[in-house]
Amino acid sequence: HDIYISASVQEGMSNAMLEAMASGLPVVTTRCEGVEELISDNGIVVDDPTPAALAAAARRLADDPEALATMSRAARKKAESFGWAAVAESYLRLYAKVK
């Protein structure tokens with residue numbers, strides 16, 4: 001696969017989206033809860049949650065191999081920030097502040 005597409009209009013922090021990103025897939029998704037935290041330079045967020053809008057965004061990305069490769073690398077990097085090591089480090093920094 002080259003692109004992960006999520007058509008959900010109501011979602012929390014999507015594990016499926018995180019797993020796709022960890023696999024290096026850029027994301028095309030609708031605007032819903034949790035998306036702002038996950039998607040920046042690693043995907044496309046469509047405001048119109050229709051199949052046509054999602055397909056158009058996926059087509060734009062598929063037709064631009066350079067953008068696809070750039071977003072793919074960004075997706076993997078973003079997913080790493082949600083891994084166990086990053087989360088543990090974040091907690092350690094937080095605990096050090098409240099000591």
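Taking the side-chain hydrogen bond (donor to acceptor under 3.5 Å, both in side chains) definition, one finds that D48 meets it with T50, sequence neighbours left out. Residues passing the side-chain hydrogen bond (donor to acceptor under 3.5 Å, both in side chains) test with S90: none are found, sequence neighbours excluded. Residues passing the side chain to side chain contact (heavy atoms under 4.5 Å, CB included) test with S81 are K78, sequence neighbours excluded. Every residue two or more places apart in sequence or in another chain was checked for a side chain to side chain contact (heavy atoms under 4.5 Å, CB included) with E33, and none qualifies. Applying the side chain to side chain contact (heavy atoms under 4.5 Å, CB included) rule to A7 yields the partners L54; only residues at least two apart in sequence or on another chain are considered. By the salt bridge (charged side-chain N to carboxylate O under 4.0 Å, His left out) test, R76 pairs with E80, sequence neighbours left out.
Residue pairs that meet the side-chain hydrogen bond (donor to acceptor under 3.5 Å, both in side chains) test with at least one member in residues 14-28, sequence neighbours left out, do not exist here. Among residue pairs with one or both ends in residues 35-44, those qualifying as salt bridge (charged side-chain N to carboxylate O under 4.0 Å, His left out) are R31-E36; sequence neighbours excluded. Applying the salt bridge (charged side-chain N to carboxylate O under 4.0 Å, His left out) test to pairs two or more places apart or on separate chains, those with a residue in residues 82-91 are E89-R93.
A donor-acceptor pair under 3.5 Å is absent between the side-chain atoms of S6 and the main chain of T29, judged by distance alone.
In this structure, A75 and G24 approach most closely via the heavy-atom pair CB-C, 4.4 Å. Contact detail for S8 and C32: the closest heavy-atom pair is O-SG, 3.7 Å. Heavy atoms only, all atoms of each residue included: V9 and P49 are closest at CG1-CB, 3.6 Å.
Taking a 4.5 Å side-chain heavy-atom cut-off between Ile, Leu, Val, Met, Phe, Trp and Tyr, the cluster of M13 extends to Y4, M17, L18, M21, L25, V27, V35, L38, I39, V45, F82.
A distance of 9.5 Å separates OG in S40 from CE in M71, rounded to the nearest 0.5 Å. One finds the CD1 atom of I44 at 9.5 Å from the CD1 atom of I5 (value rounded to the nearest 0.5 Å).
Taken together through direct or relayed side-chain contacts under 4.5 Å among Ile, Leu, Val, Met, Phe, Trp and Tyr, W84 and L92 form parts of separate hydrophobic clusters.
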Report, one line per pair, each donor and acceptor closer than 3.5 Å where one atom sits in a side chain of residues 59-68; sequence neighbours left out.
| residue | atom | partner | partner atom | Å |
| --- | --- | --- | --- | --- |
| R59 | NH1 | D63 | OD1 | 3.4 |
| D64 | OD1 | E66 | N | 3.4 |
| D64 | OD1 | A67 | N | 3.2 |

